[in-house]
Number of protein chains: 2
Amino acid sequence: MTRRTTLKDIARETGVHVSTVSRALDPQKRGSITEEVVDKIREAAERLDYRPNRIAFSLRKQKSMTIGVMIPDITNMIFPAIVRGIESVMEPLGYAAIIVNTDGNSDREKRLIETLQDRGVDGIIHTAVLRSAPNIVEVAHQGLPVVTLNRKVEEADIPYVINDEEAGIRQIFELLYQAGHRNIAHLSGPPDLSTGLLRQQAFLAVTADYGMARDDLVIEEADRFEEAEGRRCTQAILSRAPETTAVLCANDRLALGAIDHCTRTGVKCPADISITGFNDMAFLDLIPPGLTTVRIEQFEAGAQAARLLAKILDGHADQVPRETVLPVSLKIRNSVAVPRASKS
Amino acid sequence: MTRRTTLKDIARETGVHVSTVSRALDPQKRGSITEEVVDKIREAAERLDYRPNRIAFSLRKQKSMTIGVMIPDITNMIFPAIVRGIESVMEPLGYAAIIVNTDGNSDREKRLIETLQDRGVDGIIHTAVLRSAPNIVEVAHQGLPVVTLNRKVEEADIPYVINDEEAGIRQIFELLYQAGHRNIAHLSGPPDLSTGLLRQQAFLAVTADYGMARDDLVIEEADRFEEAEGRRCTQAILSRAPETTAVLCANDRLALGAIDHCTRTGVKCPADISITGFNDMAFLDLIPPGLTTVRIEQFEAGAQAARLLAKILDGHADQVPRETVLPVSLKIRNSVAVPRASKS
DNA sequence: AACGGTTATGCAATCGATTGCGCAAACTTG
DNA sequence: CAAGTTTGCGCAATCGATTGCATAACCGTT
């Protein structure tokens, strides 16, 4: 492998000092160099196919032009879109991303944060599942720019980007309510996960607004956001409250599990029971009966978090709001119908 | 942000020279330093919470401990698993990955390769879709270690990891054949994509082995690996060759499109027609009737490619085979049945 | 005690860029 | 035309680590 050409090579070639070459190639300070010299240097740089060594740059400037992106697990379908959203903003700015998977494991997360710091990342975008994330809060306090995604940060002064979970739950609740449903159970996510709690709280809020007594509510908490838990909890709901005509699920996978359980037990969706999801994950339209759900803009969430981080890295931390709430929208398919009672 | 502690800090603290500190902290050369001094230095390093600056390390050693991972699009569900497979091997070795999405765009790919080189990656894992990839071949020839994934490399001496597409097609063909199908159409992928061509060639080979005349074969080529193309080509197949009882599709998404088209037109799968896929992507078991497909081990493919690259980076390029073929397996669900003719 | 041979450590260059400072030449001004 | 100012570029330090070579101290040997 032939060595890459360096400033020194260009300096030798053009007969000037490396510092002159450095300045001539920097649009910022090109002004202080004679045009004639600049041209000569640019020509040589072109001819020798000069490409700046970013590692040397990083060492000197203490700026790696690299960010860390921490996600629970890239194989979880919501994260690839987020990652691309981040990339769409950061790449044009010259930043590269090192993506790490925490697997929701705090020790691992701590280690990964350390290796990101060792690599001198200029900032971190942290998408959490757990509600608390002491590790990332700590590095943020050390002064490393951090933006979190999908998680409301109570503890610290870290900017966060979240989806309007409350509005989503409200909209889908109202969709069910207006279809005539009054016995609406909530298949909640794990309350130690940020989205699990937020959505459950939103459910409590909207039911209260509609005058439903809290004691009458049927809420079943899943241990994980998985189909199996959706099945289990649906069974629990239906045996505890057979009058239930609609299950408002905290996410699509729980909803798919719910539908699956119903199908297996001869309960038809939506004829016998209406079921809704949250997230609008891919391929949902291929799975019958077509889940009505809340669409959240993953790509845009990633892009927005990246924009905030970029602003901080650009020295305008004062311009970034502590809270950014992204709008959600209903995605109506076929899993909601009028309640079975009023059908006859 | 308080400055990180450096070797110099430890040297000052312990009264020795930085070179001594460097050696004491390096397990390789610790031997040449008095145990007593080593202990003193390690204690100080511990106390000051020393963490080596990888950027300085990289500059001096000309080794960034970073690899580039080039994929078409992380939101395409097969890639996250590959990425995690790579990570599972590289992270324990101290390597981080910069993941870039090429979008199958050659110009973009070229740019991305340059930025990876600027960042001094030690090697690249390149998962292609297109059969030819002149850009990556060029950098490989410049001496940068490259391993490709999912793509048989004809042009150059680049190690590649592929799945046993031939065996997969053969197995699923035989499954259909043994179920009694004789009119088996092939819904092919785009022949300019590596997997598209490979699978079509495998189809040709196995049908030839079974004594089917090439002129009698019904093959329809999709323009993209998408449901819509699956629908379009299925329609074409069924109007051209209504006697078709089975469609062997080049991948799952085409197969889902095929099923969708059939369902919409009142053709029942598997009762009226058998349809098979390839890849075994996630959530397939939730989509009726349950696609019978070929399972390929994405995670393992990534891990294997990473192992090869690691070996090269370790200076044992001679030990890596030019070709690695990973086994595939059948995943039988419910989209295959006996042909409708023989059912009566 | 002198000598050759280890051994542990220091010195300084190096990786490739950036940048404050200084200096000489060119220019302006009265 | 002398004095002061500006301009254009070079010098050298710096970022934080690694490493070949030099050297001083210590060892045993005769």
Side-chain angles (χ1 to χ4, degrees), chain A residues 1-42 44-45 48-66 94 117-122, chain B residues 1-42 44-45 48-66 94 117-122:
Chain A
M1 178 155 39
T2 55
R3 201 177 48 79
R4 289 173 62 127
T5 100
T6 69
L7 287 189
K8 203 190 279 184
D9 298 323
I10 300 180
R12 193 183 324 104
E13 191 79 7
T14 54
V16 301
H17 194 264
V18 300
S19 60
T20 307
V21 179
S22 171
R23 282 187 264 252
L25 262 25
D26 180 350
Q28 302 287 308
K29 1 193 114 163
R30 183 167 303 158
S32 67
I33 308 283
T34 320
E35 189 138 350
E36 175 194 9
V37 177
V38 170
D39 286 347
K40 184 173 62 178
I41 290 173
R42 293 178 66 174
L48 300 179
D49 192 28
Y50 172 73
R51 310 230 76 216
N53 182 322
R54 279 177 163 291
I55 295 178
F57 172 93
S58 297
L59 179 59
R60 178 63 228 244
K61 295 283 282 284
Q62 304 285 42
K63 195 165 193 319
S64 63
M65 296 304 282
T66 303
Q117 288 188 291
D118 290 353
R119 287 173 174 279
V121 295
D122 298 331
Chain B
M1 180 153 39
T2 56
R3 202 177 48 81
R4 287 173 62 126
T5 99
T6 71
L7 288 188
K8 203 189 278 185
D9 298 323
I10 300 180
R12 193 182 323 106
E13 190 79 6
T14 55
V16 299
H17 194 264
V18 299
S19 61
T20 307
V21 179
S22 172
R23 282 188 265 253
L25 261 25
D26 180 349
Q28 302 286 306
K29 355 195 122 166
R30 184 166 303 158
S32 67
I33 307 284
T34 319
E35 188 137 352
E36 176 193 8
V37 176
V38 170
D39 286 347
K40 185 173 62 180
I41 290 173
R42 293 178 63 175
L48 300 178
D49 192 27
Y50 171 73
R51 310 230 77 215
N53 181 322
R54 278 177 163 290
I55 295 179
F57 172 93
S58 297
L59 179 59
R60 177 63 228 243
K61 295 283 282 284
Q62 304 286 44
K63 196 166 193 317
S64 64
M65 297 304 282
T66 303
Q117 287 189 292
D118 290 352
R119 288 174 174 280
V121 295
D122 298 331

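Naming convention: chains lettered A, B, ... in sequence-line order (proteins, then strands); numbering from 1 in each chain.
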### Message
Checking contacts here: which listed nucleotide (D:dC9, C:dT18, D:dT18) is nearest the side-chain heavy atoms of B:F57?
### Response
D:dT18
### Message
Looking at B:Q117, is its backbone amide N or carbonyl O close enough to the side chain of A:R4 to form a donor-acceptor pair, meaning the two atoms are under 3.5 Å apart?
### Response
yes
### Task
Please indicate whether B:K8 has more than 12 foreign heavy atoms, meaning atoms of other residues, nucleotides or ligands, lying under 6.0 Å from its NZ.
no
### Task
Return the set of residues passing side-chain contact (heavy atoms from CB on, under 4.5 Å) with B:D26 (not counting sequence neighbours), or none when no residue passes.
B:Q28, B:K29
### Query
Got a salt bridge between A:D39 and A:R42, using NZ or NE/NH1/NH2 to carboxylate O under 4.0 Å?
no
### Query
How long is the line joining NZ of B:K8 and P of D:dA17, in whole Å?
10 Å
### Query
If you check every side-chain atom of B:T6, which of C:dG10, D:dA17, C:dT18 has the closest atom?
D:dA17
### Query
Under a 4.5 Å cut-off applied to non-hydrogen side-chain atoms, are B:E13 and B:T5 in contact?
no
### Message
Without decimals, in angstroms, what is the distance between A:I41 CD1 and D:dG8 P?
### Response
13 Å
### Query
CZ of A:R60 versus P of C:dT14: gap in Å, rounded?
19 Å
## Note on the structure
Between B:T34 and B:Q62, the residue closer to the 5' end of DNA chain C by nearest nucleotide is B:T34
### Query
D:dG10 base to A:R23 side chain: any donor-acceptor pair below 3.5 Å?
yes
### Task
Could you check how far CE of B:M65 sits from P of D:dA17, rounded to whole Å?
16 Å
### Query
C:dC11 base to B:S19 side chain: any donor-acceptor pair below 3.5 Å?
yes
### Task
Round to the nearest Å and state the distance from A:D26 atom CG to C:dT18 atom C1'.
9 Å
### Message
Nearest whole Å is fine: how far is D:dA17 P from A:R119 CZ?
### Response
15 Å
### Query
Checking only heavy atoms, does the side chain of A:S58 share a donor-acceptor pair with the base of D:dC15 at less than 3.5 Å?
no
### Task
Round to a whole Å and report the spacing from NE2 of B:H17 to C1' of D:dG20.
14 Å
### Query
Picking from C:dG16, D:dG16, D:dT18, which would you name as closest to the side chain of A:A56?
C:dG16
## Note on the structure
Whichever of B:L59 and B:V21 has the more 5' nearest nucleotide on DNA chain C, that residue is B:V21
### Message
Tell me the interatomic distance from A:E35, atom CD, to D:dT7, atom C1', rounded to whole angstroms.
### Response
15 Å
### Nucleotide of C:dG16, C:dT18, D:dT18 approaching B:S22 most closely (side-chain heavy atoms)
D:dT18
